[in-house]
4 protein chains.
Amino acid sequence: MCKRTNPRGSRTGRPRSTEADTAILEATRAALVELGWSKLTMGDVAGRAGVAKTTLYRRWANKNELVVDAVAVLFDELELPDLGSLQADIEHVVLQFAALLERPETKTALMAVVAESTRDEPLRERIRASIVDRQKRLVLAGRERAQRRGELPDEHPVSTVAALDDLIFDVVAGAVVHRALVSAEPVDGPWAARLSALLLGGLGAAAAR
Amino acid sequence: MCKRTNPRGSRTGRPRSTEADTAILEATRAALVELGWSKLTMGDVAGRAGVAKTTLYRRWANKNELVVDAVAVLFDELELPDLGSLQADIEHVVLQFAALLERPETKTALMAVVAESTRDEPLRERIRASIVDRQKRLVLAGRERAQRRGELPDEHPVSTVAALDDLIFDVVAGAVVHRALVSAEPVDGPWAARLSALLLGGLGAAAAR
Amino acid sequence: MCKRTNPRGSRTGRPRSTEADTAILEATRAALVELGWSKLTMGDVAGRAGVAKTTLYRRWANKNELVVDAVAVLFDELELPDLGSLQADIEHVVLQFAALLERPETKTALMAVVAESTRDEPLRERIRASIVDRQKRLVLAGRERAQRRGELPDEHPVSTVAALDDLIFDVVAGAVVHRALVSAEPVDGPWAARLSALLLGGLGAAAAR
Amino acid sequence: MCKRTNPRGSRTGRPRSTEADTAILEATRAALVELGWSKLTMGDVAGRAGVAKTTLYRRWANKNELVVDAVAVLFDELELPDLGSLQADIEHVVLQFAALLERPETKTALMAVVAESTRDEPLRERIRASIVDRQKRLVLAGRERAQRRGELPDEHPVSTVAALDDLIFDVVAGAVVHRALVSAEPVDGPWAARLSALLLGGLGAAAAR
DNA sequence: GCCTAAGCGAGACGGTACGTCTAGTCTTGGT
DNA sequence: ACCAAGACTAGACGTACCGTCTCGCTTAGGC
């Protein structure tokens with residue numbers, strides 16, 4: 001999560017304050033809400049957290065890594081309750097994800113750190129570990145549940161299944177992000193319904209709605 | 001494109017140097033390639049273009065607007081030749097778009113300006129006008145061509161058609177961007193084939209590949 | 001005085017603000033009075049002068065050089081009016097110099113920059129040019145005047161005279177500084193009288209007072 | 001020398017390490033040689049001494065007091081062997097003192113702590129006790145010896161004698177320091193001879209050399 | 001062929017944030 | 001009570017950019 005010099009935690013010296021850890025992450029989210037990514041400053045975060053700037057830099061190398069850690073936890077809120085059909089499950093997770101992207105701390109931060117990550121391999125890895133891979137579980141769970149229900153065939157080899165999971169993930173997440181942040185149009189029930197229809201039956205099915 | 005004080009263009013005074021215009025945009029793209037979005041500075045661009053900083057600010061209000069203009073023209077390269085089937089057309093445009101996102105000047109700049117735009121309405125409008133809406137023509141053309149070919153039904157009301165165009169746009173563009181920049185996996189032929197199968201026939205069809 | 005990139009002053013670009021120059025030097029002296037050398041900060045000086053920190057650094061490389069320039073002008077106040085005898089002239093300049101060293105902006109700054117100069121050759125040169133050599137004129141004038149009065153012989157070779165001037169300078173300035181700042185005893189009329197007696201007639205003469 | 005909480009030395013608890021005391025003072029002198037006053041840091045001294053920063057602060061209230069103690073001992077090297085005449089004694093002590101001021105640990109530290117002391121009364125007192133007053137013994141001894149030799153009259157009242165001692169001290173020490181550190185000229189045999197001639201016989205005598 | 005308004009390169013300006021450094025204090029566990 | 005280690009607050013450092021503002025000079029229309 002944040003850098004520790006000693007592998008198994010040093011035994012000597014004053015230990016890091018865990019209160020500072022949480023105060024900093026909360027302050028970061030608050031600053032994101034108020035200021036957005038580009039106006040967020042380390043000094044401001046330190047001030048909000050009641051902490052010296054050095055305490056931030058002792059834990060995170062730079063703004064990007066701090067923000068990734070601060071935002072990552074929000075993505076753990078996403079859940080996939082069994083609503084009885086794949087269609088309903090998809091619509092539900094799409095709306096949940098859209099609600100998350102509506103929040104000011106995520107909408108500005110997510111794109112910004114992804115943008116930075118195109119030039120910063122360690123940051124990309126951190127994003128993948130903290131955010132991206134953690135959400136793939138939703139696709140996995142949904143697909144397996146649909147197979148159990150018989151909504152999807154399950155005789156395919158493992159590699160095909162993995163490729164399909166990746167595809168679904170990129171399509172759903174990408175479509176929602178693009179709709180919400182690039183097109184800047186609402187991700188609402190009808191749109192979610194059209195998207196899930198497209199996924200289940202292709203363009204023809206989507207057009208029929 | 002860039003701000004002109006007088007509505008119909010002032011008749012008096014020294015006219016703006018068009019050489020400066022193009023030199024600045026080229027310098028901006030070069031700086032994006034070398035430095036990426038976050039390390040690009042106005043002073044550096046001015047230096048590369050052999051131009052004073054004032055000359056930049058006379059034309060663009062800030063870094064974001066300059067970068068949008070510098071990058072926008074690249075998106076006009078996208079074309080949609082008739083390859084005989086909707087499937088082929090989709091795969092072709094997906095690969096074209098992916099190639100564009102591979103270029104360092106686009107990959108870092110696109111996400112960054114979108115991130116900024118979440119807090120900057122004029123910037124969002126500029127992005128929409130310069131980049132987003134310009135690419136919707138591809139969806140429009142592809143969908144109409146498919147209808148002419150009989151691959152898609154065409155009796156739907158206009159509003160439904162528009163909503164479908166928007167959906168396709170968000171799904172295709174979103175999926176490619178997400179795959180390329182977030183998942184950081186290659187957008188290659190097989191993946192494009194799977195995506196187009198999904199669009200045409202839904203998950204079942206995609207799984208069959 | 002302060003660094004100028006172009007030798008005879010660049011013709012191009014916005015010229016340096018001379019108001020800023022004087023405001024900064026005045027602010028520096030005010031800060032020295034209030035805070036002393038070690039608590040004086042560049043940011044504070046900038047704030048007092050109503051100027052950005054960069055404007056300070058554009059003119060002076062560091063705190064030391066700024067302080068030397070700010071304090072140097074104070075030393076130009078020293079004068080050597082003809083009081084009729086070498087003894088009176090010496091006592092007068094000693095008391096003047098002591099009054100200067102009483103001022104808080106000089107007393108703390110002078111020793112501090114001299115201390116720094118032991119590790120910084122350019123600074124030593126600046127001190128010599130701005131402060132030290134400028135005061136040697138007093139010794140020169142006083143010695144010549146005494147020779148005209150016949151209080152001192154004048155048939156010596158030039159090199160001997162120069163060595164004597166240097167000696168007098170180090171003895172008088174050194175004694176006053178040491179008395180005022182190291183011994184921290186008052187430099188008053190009686191002490192000045194004893195010192196001048198010593199200079200004129202040696203220990204025996206000083207003891208006789 | 002350094003602070004002890006209990007007046008007669010506490011009986012309870014672990015006693016302070018005397019090895020640490022000497023290691024710290026040696027490390028301080030070494031750091032002064034390498035870095036000079038302004039770049040010397042407490043952390044660096046602690047590191048060199050193989051000691052925790054806390055251990056420094058347990059003994060000295062701050063950097064200045066530590067440096068005064070570290071340097072003070074060097075001044076105890078000064079001696080006043082009987083060379084047979086006042087003139088020879090003066091020249092000898094002048095050259096000794098100059099040699100001391102040549103050493104990097106003294107030249108930078110002495111002026112720096114004096115500068116600090118202009119704003120710090122306890123520090124001034126510590127300097128006086130540790131350094132200044134300790135050297136006055138040389139003046140006292142030299143003057144008494146000269147009186148015994150008959151080189152100086154000895155019928156003066158005590159107050160006059162004390163004032164003369166102070167004057168000699170300020171003149172000699174001040175002149176050497178000023179020559180060495182401000183004028184930055186060598187304090188060599190000829191200069192020492194001129195200075196002692198001045199002291200013994202005044203300007204006329206000094207000019208005659 | 002002048003006049004004049006705007007553009008131009010250069011670079012100083014006020015501001016703001018950066019990431020680093022140091023001072024001096026505090027908190028661990030261990031001697 | 002001491003010690004080593006190292007985290008802590010506070011705040012200055014010097015640098016880098018931003019976007020604005022003079023400067024003196026250039027350039028092309030309109031007169």
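In what follows, every heavy atom counts, from backbone to side chain, and hydrogens, waters and symmetry copies are set aside. Owing to the predicted nature of the structure, the values given are computational and were not obtained by experimental measurement. Naming: A, B, ... by sequence-line order, numbering from 1 per chain.
Spacing between atom CH2 of C:W60 and atom C1' of F:dC13 amounts to 18 Å, rounded to whole angstrom units. One interatomic measurement links the two molecules: CD1 of C:I24 to C1' of E:dC13, which rounds to 11 Å at whole-angstrom precision. In this structure, A:E19 places its CD atom 17 Å from P of F:dA7, rounding to the nearest Å. Computed from coordinates, the D:L66 CG to E:dT22 C1' distance equals 15 Å when rounded to whole Å. Rounded to whole angstrom, the span from the NZ atom of A:K63 across to the P atom of E:dG19 amounts to 8 Å. Distance CZ (C:R59) to C1' (E:dG14): 12 Å, rounded to an integer number of Å. Distance CG (B:L56) to C1' (F:dC21): 16 Å, rounded to an integer number of Å. Nucleotide F:dA7 holds its C1' atom 15 Å from the OH atom of D:Y57, rounded to whole Å.
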message: Does A:L25 form a side chain to side chain contact (heavy atoms under 4.5 Å, CB included) with A:D69? I'd like the steps, not just the answer.
response: CA-CA 8 Å; A:L25 292 174; A:D69 277 6; 4.1 Å; yes
task: Could you go through the side chain to side chain contact (heavy atoms under 4.5 Å, CB included) check for A:L110 and A:V71 one step at a time?
output: CA-CA 8 Å; A:L110 186 61; A:V71 169; 5.6 Å; no
Between the protein and nucleotides 27-31 of chain E, are there any N/O to N/O pairs under 3.5 Å, and if so, what are the atom names and distances?
{"from": "E:dT27", "atom 1": "O4'", "to": "A:R14", "atom 2": "NE", "distance (Å)": "3.3"}
{"from": "E:dT31", "atom 1": "O2", "to": "D:R14", "atom 2": "NH1", "distance (Å)": "3.2"}

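The residue A:D44 sits apart from the nucleic acid: no heavy atom pair falls under 4.0 Å.
In the helix from E:dG1-F:dC31 to E:dT31-F:dA1, the end axes, each obtained as the rotation axis mapping the C1' atoms of four pairs onto the next four within a five-pair block, lie 20° apart to the nearest 10 degrees.
Between the side chain of C:S117 and the main chain of C:L123, no donor-acceptor pair closer than 3.5 Å is present.
Take B:E19 and apply the side-chain contact (heavy atoms from CB on, under 4.5 Å) test, not counting sequence neighbours, and it matches B:S17. For the side chain to side chain donor-acceptor pair (under 3.5 Å) test, no residue two or more places apart in sequence or in another chain qualifies with A:D120.
Judged by atom type and distance alone, A:K53 reaches the base of E:dG19 through a side-chain donor-acceptor pair under 3.5 Å.
Each of B:G50 and C:S17 lies near DNA chain E, and the nucleotide nearest B:G50 is the one positioned closer to the 5' end.
Each of E:dC13, E:dG9, E:dG24 was ranked by its minimum atom distance to the side chain of D:M42; first place goes to E:dG24. For B:R16, taking side-chain heavy atoms from C-beta onward, the closest of the listed nucleotides F:dC17, E:dG24, E:dC8 is E:dC8. In this structure, of F:dC13, F:dA5, E:dC8, it is F:dA5 that holds the atom nearest to the side chain of D:A52. Each of F:dC3, E:dC8, E:dG24 was ranked by its minimum atom distance to the side chain of B:T55; first place goes to E:dC8.
In this model, the phosphate group of E:dG24 is not approached by any side-chain N or O of D:R58 to a distance below 4.0 Å at OP1 or OP2.
Taking the charged nitrogens against the carboxylate oxygens, D:R124 and D:E121 do have a contact shorter than 4.0 Å, which makes a salt bridge. The pair C:R16-C:D21 does not meet the salt-bridge criterion, since no charged nitrogen lies less than 4.0 angstrom from a carboxylate oxygen.
For the salt bridge (charged side-chain N to carboxylate O under 4.0 Å, His left out) condition, the pairs that include at least one residue of residues 105-115 of chain D, sequence neighbours left out, are D:R103-D:E105.
Rounding to the nearest 0.5 Å places CH2 of D:W37 at 5.5 Å from CD of D:E116.
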Please output the side-chain donor-acceptor pairs of residues 48-56 of chain D that fall under 3.5 Å, not counting sequence neighbours, one pair per line with the distance.
{"from": "D:R48", "atom 1": "NE", "to": "D:D44", "atom 2": "OD2", "distance (Å)": "2.6"}
{"from": "D:R48", "atom 1": "NH1", "to": "D:E34", "atom 2": "OE2", "distance (Å)": "3.2"}
{"from": "D:R48", "atom 1": "NH2", "to": "D:E34", "atom 2": "OE1", "distance (Å)": "3.1"}
{"from": "D:R48", "atom 1": "NH2", "to": "D:D44", "atom 2": "OD2", "distance (Å)": "3.4"}

